[in-house]
K.L.:
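Questions regarding the structure given below will be posed in turn.
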Amino acid sequence: MSLWQYANPVKFLNLSGKVLPTLSVLTVICLVTGMYWGYFLTPDDYKQGSTVKIIYIHVPSALIAINAWFMMLVAALIWLIRRHHVSALAAKAASHVGVVMTLIALITGAFWGQPMWGTWWAWDPRLTSFLILFLFYLGYIALWSAIEDPDTAADLTSVLCIVGSVFAVLSRYAVNFWNQGLHQGATLSLDKEENISDVFYFPLLFCIAGFVLLFLVLTLVGTRAEIRNRRARALVAREKG
Amino acid sequence: MTLTVSNLSVARGSRILLEGVEFSLTSGQALILRGPNGLGKTTLLRTLAGLQKIETGQVSVAPETTVYAGHADGIKSTLTVRENLQFWAKVFGTRDIGPALAAFDLAELIDRPGGMLSAGQKRRLGLARLMVTGRSIWMLDEPTVSLDTHAVDQFATMIRRHIGQGGCAVMATHIDLGLGADAQVLDLSQFRATDPAPQSSDEAFL
Amino acid sequence: MTLTVSNLSVARGSRILLEGVEFSLTSGQALILRGPNGLGKTTLLRTLAGLQKIETGQVSVAPETTVYAGHADGIKSTLTVRENLQFWAKVFGTRDIGPALAAFDLAELIDRPGGMLSAGQKRRLGLARLMVTGRSIWMLDEPTVSLDTHAVDQFATMIRRHIGQGGCAVMATHIDLGLGADAQVLDLSQFRATDPAPQSSDEAFL
Amino acid sequence: MIALLIRDLRLALRAGGGFGLSLAFFLIVVVLVPFGVGPEMALLSKIAPGILWVGALLACLLSLDRIFALDFEDGSLDLLATAPLPLEGVVMIKAVAHWITTGLPLVIAAPFLGVLLGLPTQGYVWIVVSLALGTPALSVIGTFGGALTVGIKRGGLLLSLLVLPLYVPTLIFGAELARRGVLGMDTTTPILMLGGITCAVGALLPFASAAVLKINLR
Amino acid sequence: MIALLIRDLRLALRAGGGFGLSLAFFLIVVVLVPFGVGPEMALLSKIAPGILWVGALLACLLSLDRIFALDFEDGSLDLLATAPLPLEGVVMIKAVAHWITTGLPLVIAAPFLGVLLGLPTQGYVWIVVSLALGTPALSVIGTFGGALTVGIKRGGLLLSLLVLPLYVPTLIFGAELARRGVLGMDTTTPILMLGGITCAVGALLPFASAAVLKINLR
Ligand code: HEM
Ligand SMILES: Nc1ncnc2c1ncn2[C@@H]1O[C@H](COP(=O)(O)OP(=O)(O)OP(=O)(O)O)[C@@H](O)[C@H]1O
Ligand SMILES: Nc1ncnc2c1ncn2[C@@H]1O[C@H](COP(=O)(O)OP(=O)(O)OP(=O)(O)O)[C@@H](O)[C@H]1O
Ligand SMILES: [Mg+2]
Ligand SMILES: [Mg+2]
């Protein structure tokens with residue numbers, strides 16, 4: 001049997017129902033460990049003070065925000081090529097998680113920026129392209145909700161997702177170009193990765209793992225809800241006639 | 001140049017409306033579809049015209065021989081009657097809009113903008129469009145709405161001439177089209193989906 | 001509660017269409033207006049309803065007793081049948097939408113959004129609206145368009161009940177409304193403006 | 001009347017009803033300006049109050065054609081005009097519904113968007129005050145414009161053209177109020193003027209709108 | 001195909017067809033900005049290229065919903081879809097007609113409006129070049145957005161929301177090109193990028209638009 005059999009909504013419901021409890025428990029363990037370790041067992045940074053601890057939410061959520069879009073892109077392709085309903089609905093569910101993660105990354109970033117850069121917001125390329133990603137999410141979700149027929153909505157949002165991805169990459173390049181033109185060298189973004197010491201690194205890993213699991217759990221739950229919705233619709237249609 | 005429909009189901013808004021629709025039409029035949037409000041006549045015609053998805057079953061017809069005329073006539077209110085008609089003539093690669101104008105007494109309205117036509121005049125223009133398409137299989141949804149008795153006669157004449165020249169037509173209507181015995185009548189009530197099954201895409205969820 | 005029209009001219013787009021229209025209607029009467037396409041039936045009804053200017057002549061009627069129903073039914077596609085109807089009931093200060101729903105078999109469609117109705121179902125909802133207005137003089141433009149024969153019967157029943165209760169109705173139509181002898185018929189062709197005079201405001205320039 | 005208000009709010013909130021979209025448009029205008037003007041915060045924070053006001057005004061403008069055009073197209077407006085409601089009341093209710101679904105969200109969102117443009121801290125309260133005072137006038141004036149253009153198919157752009165000059169005084173005093181507030185200057189005159197415009201416009205313009213609507217329906 | 005182009009141009013030029021209105025909107029945005037930002041010429045001339053680009057983009061945006069919505073509402077689109085024209089061709093023609101009636105006037109008007117914002121003399125040619133290179137991309141992308149939202153009543157604002165992030169690269173390179181031109185800096189990269197975007201978008205996006213339109217008409 002191929003993997004595709006799980007693209008059947010009913011099979012998917014059964015399988016995901018089985019894995020969800022385990023996944024949820026794992027999520028809680030990772031998040032609690034990472035957060036507790038990060039917030040209570042690490043020292044304050046010598047330069048940034050305690051604000052550095054925003055990193056435990058900021059970085060994982062930013063990661064998820066971007067990768068959720070990739071997942072949606074893959075799901076869109078699967079829907080357009082193989083027309084598996086689960087993938088269309090999973091894309092929809094992922095977009096809801098993705099937009100929230102984008103928002104969290106933006107907000108935590110803003111709260112971090114205030115003490116570090118003295119401003120809530122700067123038109124740094126990285127921040128800017130994130131804002132554009134947020135707009136893409138908004139448009140995508142608005143399109144889903146504006147169309148009644150679920151198959152049509154799935155088709156249209158899939159095309160939007162693909163076209164949007166191309167443009168998102170293009171904007172990323174454009175934004176880099178645009179900002180360098182004005183801020184020669186004096187970019188605001190921190191030198192990441194290298195600066196980070198192991199003390200912060202390991203709890204961060206746990207947090208990232210926790211957020212990845214959280215994303216999976218929320219997306220699964222969302223997909224299941226969408227499937228149930230469609231099921232209810234189908235049943236109502238059969239009943240009423 | 002035939003239209004054959006076999007075991008067709010049509011759906012709207014995730015509900016199957018008609019099931020197992022079967023009929024076939026060849027050159028020189030006209031078919032009138034009847035059935036109560038909300039049965040699915042409009043849906044069926046749109047499906048035949050390729051404007052809606054086929055749920056199950058087959059429609060075998062060459063798409064480049066059909067033309068559809070629905071509730072809306074697609075008349076631009078700022079273009080004149082002539083411009084409206086000529087546009088469609090060009091799109092369908094035909095030349096002469098004269099016969100179409102003559103068939104529906106539109107000659108005197110020729111320079112009037114579409115927005116200044118009365119309901120019946122609009123509909124006459126919409127029907128005249130059929131003649132300039134040069135297509136042979138016509139699909140008409142309530143073609144005589146708003147027409148006065150004289151225009152209904154003109155419509156019947158047009159249809160008779162069309163099928164006389166080897167064309168064919170499928171029409172949905174609630175009222176008498178004045179075609180008498182020239183057209184067969186098909187009551188769609190017999191195809192009403194009995195156990196209204198959900199649409200095929202919803203079925204996957206059951 | 002009467003409608004008296006004397007020596008009325010109506011115009012559209014700076015052309016007088018009908019001249020010297022005369023009729024009067026009292027409680028319990030129904031009047032059917034007939035005439036070929038483009039004669040001015042819609043224009044006349046809109047003038048009577050106060051939606052268009054009176055050229056010359058008089059229309060004596062209390063505006064708060066009339067209600068107009070034209071080609072468009074004013075149905076909001078995102079509101080359900082119930083919400084659509086209830087809105088008009090509230091606007092006109094009536095309470096109960098039950099009888100109106102019953103008169104046109106709308107009970108089973110009550111939670112369906114307006115945009116998901118078929119042409120005939122929309123029209124039935126449009127007619128049901130008349131009943132919730134509680135107004136007594138109805139002005140209807142081609143009320144039975146798209147209705148199936150059963151719904152036409154329901155419409156005739158509604159009109160009979162309305163005039164039986166002392167209401168009255170003016171209707172423009174090309175087809176049989178199923179009212180038989182309950183309604184008088186007025187052929188508007190006799191009032192066609194003979195020498196299509198320019199509209200009054202243009203006259204100043206002659 | 002209440003029924004009409006409820007219906008309009010309900011229509012706005014239903015799928016495709018446009019609620020939140022003018023907010024999104026506001027967001028987008030504010031986001032686009034840095035792309036056009038360049039990313040320097042010093043420059044941006046200088047033009048921030050003005051851009052916020054222009055953005056709010058444009059977002060408001062774009063939703064104006066929904067006020068009457070939808071009702072006109074599906075025939076509801078004819079029916080409303082012959083219903084036992086005074087047309088002035090209908091116009092008033094339409095303006096109120098428009099403000100609730102468009103103006104109010106803009107007022108609430110403005111400070112957040114101010115962050116993007118680097119609005120100085122003391123500016124937030126003034127942006128909110130100036131928009132809260134000014135947007136009702138925008139809705140009422142917009143309703144007038146909607147009534148003027150009601151018979152015209154896709155009159156959206158014509159509507160903008162007609163309404164924009166009428167918006168100028170509100171914009172001038174509104175933006176001036178916000179700018180003065182940001183700079184810590186005296187704000188009495190613009191506050192009084194802005195409040196005066198909103199009151200006067202709210203009291204008088206509905207009559208003009210109703211008159212215009214009557215002419216258009218005839 | 002030619003017949004369709006002629007029809008669309010004719011429709012746009014007739015009364016109420018919207019020709020000139022997006023131009024007027026452009027004018028008004030440019031006029032409003034000084035009211036919002038304040039009258040200092042030094043500041044205005046600094047933001048002039050950016051404001052001109054943002055104004056042109058908004059004007060373009062506002063006319064997008066006419067591309068398909070009108071044809072959809074009166075049933076023409078159904079008839080066009082069953083006519084012997086490839087849908088890709090229809091989409092292409094629609095974009096061309098939109099550019100001729102909207103983009104081109106904007107390009108021509110921009111230098112005149114530049115005067116109002118105190119654009120430096122050497123900037124005029126660059127504003128024209130950048131808009132001439134960029135607006136075709138705006139029309140094509142806009143057509144895609146129009147095709148996406150065609151079945152949705154008054155989808156105008158949703159359309160804006162969908163299209164605006166897609167406009168960002170064009171806007172950035174366009175405004176950057178104009179700004180660099182004004183400052184006398186090197187313009188090769190933005191010219192190449194802008195031209196590249198326009199060509200790529202013009203060659204590929206119509207297929208996506210046609211696909212989307214097909215889905216929407218089904
Ligand atoms: C609104 C403001 C901000 C936004 C939208 C934002 C967005 C992002 C994004 C998109 C990433 C990329 C995640 C990845 O690709 O791995 C990221 C990573 C990061 N951000 Fe922010 N950020 C913001 C503010 C800040 C501030 C103020 C700081 C610190 C002073 C900061 C520090 C970091 C660090 C350390 C990373 C991890 C870098 C890495 O692992 O690659 N961010 N942020
Ligand atoms: N907006 C307009 N401007 C100018 N003339 C118009 C306008 N609308 C309609 N007309 C013309 O006015 C005349 C009367 O139109 P009206 O709609 O009243 O006719 P009608 O009797 O209702 O016809 P039908 O039976 O076709 O509905 C027609 O000849 C029509 O061409
Ligand atoms: N957009 C829609 N979404 C869901 N259901 C719809 C939609 N449009 C119509 N329907 C439903 O589909 C059914 C068939 O509609 P259709 O328009 O095909 O009927 P019809 O036979 O043409 O009726 P009529 O004689 O009234 O025109 C109706 O019951 C209607 O309520
Ligand atoms: Mg029908
Ligand atoms: Mg009429």
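In what follows, chains are A, B, ... by sequence order, proteins preceding strands, each numbered from 1.
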K.L.:
Output the distance between atom CD1 (D:Ile100) and atom CG (D:Leu5), rounded to the nearest 0.5 Å.
P.N.:
5.5 Å
K.L.:
Indicate the atoms forming the closest heavy-atom contact of D:Leu106 with D:Ser22, along with that distance.
P.N.:
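Heavy atoms of D:Leu106 and D:Ser22 come nearest at CD2-O, 4.1 Å.
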K.L.:
Looking at chain D, which one of E:Pro165, E:Ala24, E:Gly174 has the largest number of heavy-atom pairs inside 4.5 Å, strictly under?
P.N.:
E:Ala24
K.L.:
For the backbone of D:Ala147 and the side chain of D:Asn216, can you confirm whether one donor and one acceptor N or O come within less than 3.5 Å of each other?
P.N.:
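It does hold such a pair.
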K.L.:
Please classify the contact between D:Phe25 and chain E as side chain, backbone, both or neither, with a heavy-atom cut-off of under 4.5 Å.
P.N.:
side chain
K.L.:
What residues of residues 114-132 of chain E sit under 4.5 Å from chain D when you count only heavy atoms?
P.N.:
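Listed by number: none.
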K.L.:
For the residue pair E:Leu70 and E:Asp74, establish whether any side-chain heavy-atom pair is separated by less than 4.5 Å.
P.N.:
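They are not in contact (no side-chain heavy atoms under 4.5 Å apart), so the answer is no.
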K.L.:
D:Gly145 and D:Val163: which non-hydrogen atoms are nearest, and at how many Å?
P.N.:
CA-CG2, 3.6 Å
K.L.:
Going through the checks in order, is the side-chain contact (heavy atoms from CB on, under 4.5 Å) test met by E:Lys94 and E:Asp71?
P.N.:
CA-CA 11 Å; E:Lys94 289 270 174 189; E:Asp71 276 350; 2.6 Å; yes
K.L.:
Between the side chain of D:Thr143 and the main-chain N/O of D:Val91, is any donor-acceptor distance below 3.5 Å?
P.N.:
no
K.L.:
Evaluate the side-chain contact (heavy atoms from CB on, under 4.5 Å) criterion for residues E:Val168 and E:Ile172: first the C-alpha distance (whole Å), next the side-chain angles of each, then the deciding distance (0.1 Å), finally the verdict.
P.N.:
CA-CA 6 Å; E:Val168 168; E:Ile172 288 181; 3.7 Å; yes
K.L.:
Is the backbone N or O of D:Pro136 less than 3.5 Å from a side-chain atom of D:Thr198, with the two atoms forming a donor-acceptor pair by type?
P.N.:
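No, D:Thr198 side chain to D:Pro136 backbone: no donor-acceptor pair under 3.5 Å.
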K.L.:
May I have the step-by-step check of side-chain contact (heavy atoms from CB on, under 4.5 Å) for E:Leu4 and E:Leu80, ending in yes or no?
P.N.:
CA-CA 10 Å; E:Leu4 183 60; E:Leu80 274 177; 4.2 Å; yes
K.L.:
Is it the backbone or the side chain of E:Val29 that comes under 4.5 Å from a heavy atom of chain D, or both, or neither?
P.N.:
side chain
K.L.:
Testing the basics here: between E:Val150 and E:Phe72, what is the closest heavy-atom pair and its distance to 0.1 Å?
P.N.:
O-CD2, 3.6 Å
K.L.:
Just to be sure I understand the criterion: a residue of residues 37-64 of chain E counts if one of its heavy atoms is under 4.5 Å from a heavy atom of chain D. Which ones qualify?
P.N.:
E:Val37, E:Gly38, E:Leu43, E:Lys46, E:Ile47, E:Gly50, E:Ile51, E:Val54, E:Leu57, E:Leu58, E:Leu61, E:Leu62, E:Ser63
